[in-house]
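To keep things clear, I will list the structure first and then write my remarks on it.
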Amino acid sequence: QVQLVESGGGLVQVGGSLRLSCAASGLAFSSYGMGWFRQAPGAEREFVAAITRDGDTTYYAESVKGRFTISRDNAKNTVYLQMSSLKPEDTAVYYCAAAAWLIFRTEREFAFWGQGTQVTVSS
């Protein structure tokens, strides 16, 4: 079975940094584009970042561009989200997901999802 397991969430102060990790198993990791989404209380889940199979192209939501960096290590079957200059509005549950292709970076493109990890930015 496919499993995506996020880790690295926690409580951080405004302006701080966190690195999230997502370890994948049960799939050919290098055959999938990977993405991060987040969902704040009372809000819909939104796209944060995505990276293509080989890591040659990355995509970011405008709200995180310049602050977040997505990367992947195919040898470790792991995708990362490095977050810096964190703001209170970054507080959310962050989800890792896998997609066979990246066209619009919408939820429908992502077939597999992790359980999420909580990121809380204190104000």
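Heavy atoms only: backbone and side chains are in, while hydrogens, waters and symmetry mates are out. Quick note: residue numbers are just sequence positions, from 1.
Under the disulfide bond (SG atoms under 2.5 Å apart) criterion, no residue pair touches residues 37-87, with sequence neighbours excluded. For residues 33-57, every residue pair satisfying the ring-ring contact (aromatic ring centres under 6.0 Å, His included) rule, not counting sequence neighbours, is listed here: Phe37-Phe47, Phe37-Phe110, Phe37-Trp113. Pairs of residues two or more places apart, or lying in two chains, never qualify as disulfide bond (SG atoms under 2.5 Å apart) while including a residue from residues 29-80. Identified under the salt bridge (charged side-chain N to carboxylate O under 4.0 Å, His left out) test for residues 92-107, with sequence neighbours left out: Arg45-Glu107. Note on residues 28-64: no pairs pass disulfide bond (SG atoms under 2.5 Å apart), not counting sequence neighbours.
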All N/O donor-acceptor pairs, side-chain side in residues 79-87, below 3.5 Å, sequence neighbours left out:
unit_1 : atom_1 : unit_2 : atom_2 : d
Ser84  : OG     : Arg67  : O      : 2.8

Show every donor-acceptor pair shorter than 3.5 Å between a side-chain atom in residues 57-66 and any protein atom, with sequence neighbours excluded, or say none if there are none.
unit_1 : atom_1 : unit_2 : atom_2 : d
Tyr60  : OH     : Ile70  : N      : 2.9
Glu62  : OE1    : Lys65  : NZ     : 3.3

Could you pull out every donor-acceptor pair under 3.5 Å between side chains of residues 116-123 and any protein atom, sequence neighbours left out?
unit_1 : atom_1 : unit_2 : atom_2 : d
Thr117 : OG1    : Gly9   : N      : 3.3
Gln118 : NE2    : Ala92  : O      : 3.4
Gln118 : NE2    : Thr120 : OG1    : 3.3

Name every donor-acceptor pair, under 3.5 Å, that has one atom in a side chain of residues 96-103 and the other anywhere in the protein, sequence neighbours excluded.
none

What side-chain donor-acceptor pairs closer than 3.5 Å can you find for residues 16-29, not counting sequence neighbours?
none

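At a threshold of 4.5 Å between non-hydrogen side-chain atoms, the residues Tyr32 and Arg53 do not count as touching.
Counting non-hydrogen atoms of other residues, nucleotides and ligands closer than 6.0 Å to CD of Glu89 gives a total above 12.
Checked against salt bridge (Lys or Arg N to Asp or Glu O under 4.0 Å), Arg38 has the following partners two or more places apart in sequence or in another chain: Glu46, Asp90. Here Asp54 pairs with Asp56 under the side chain to side chain contact (heavy atoms under 4.5 Å, CB included) rule; sequence neighbours left out.
Residues Val14 and Tyr94 are members of one and the same hydrophobic cluster, defined by side-chain heavy-atom contacts under 4.5 angstrom among Ile, Leu, Val, Met, Phe, Trp and Tyr. In this structure, Val2 is a member of the same hydrophobic cluster as Met34, with clusters built from ILVMFWY side-chain heavy atoms closer than 4.5 Å.
Side-chain contact annotation: Gln115 with Glu6, donor-acceptor N/O pair under 3.5 Å present.
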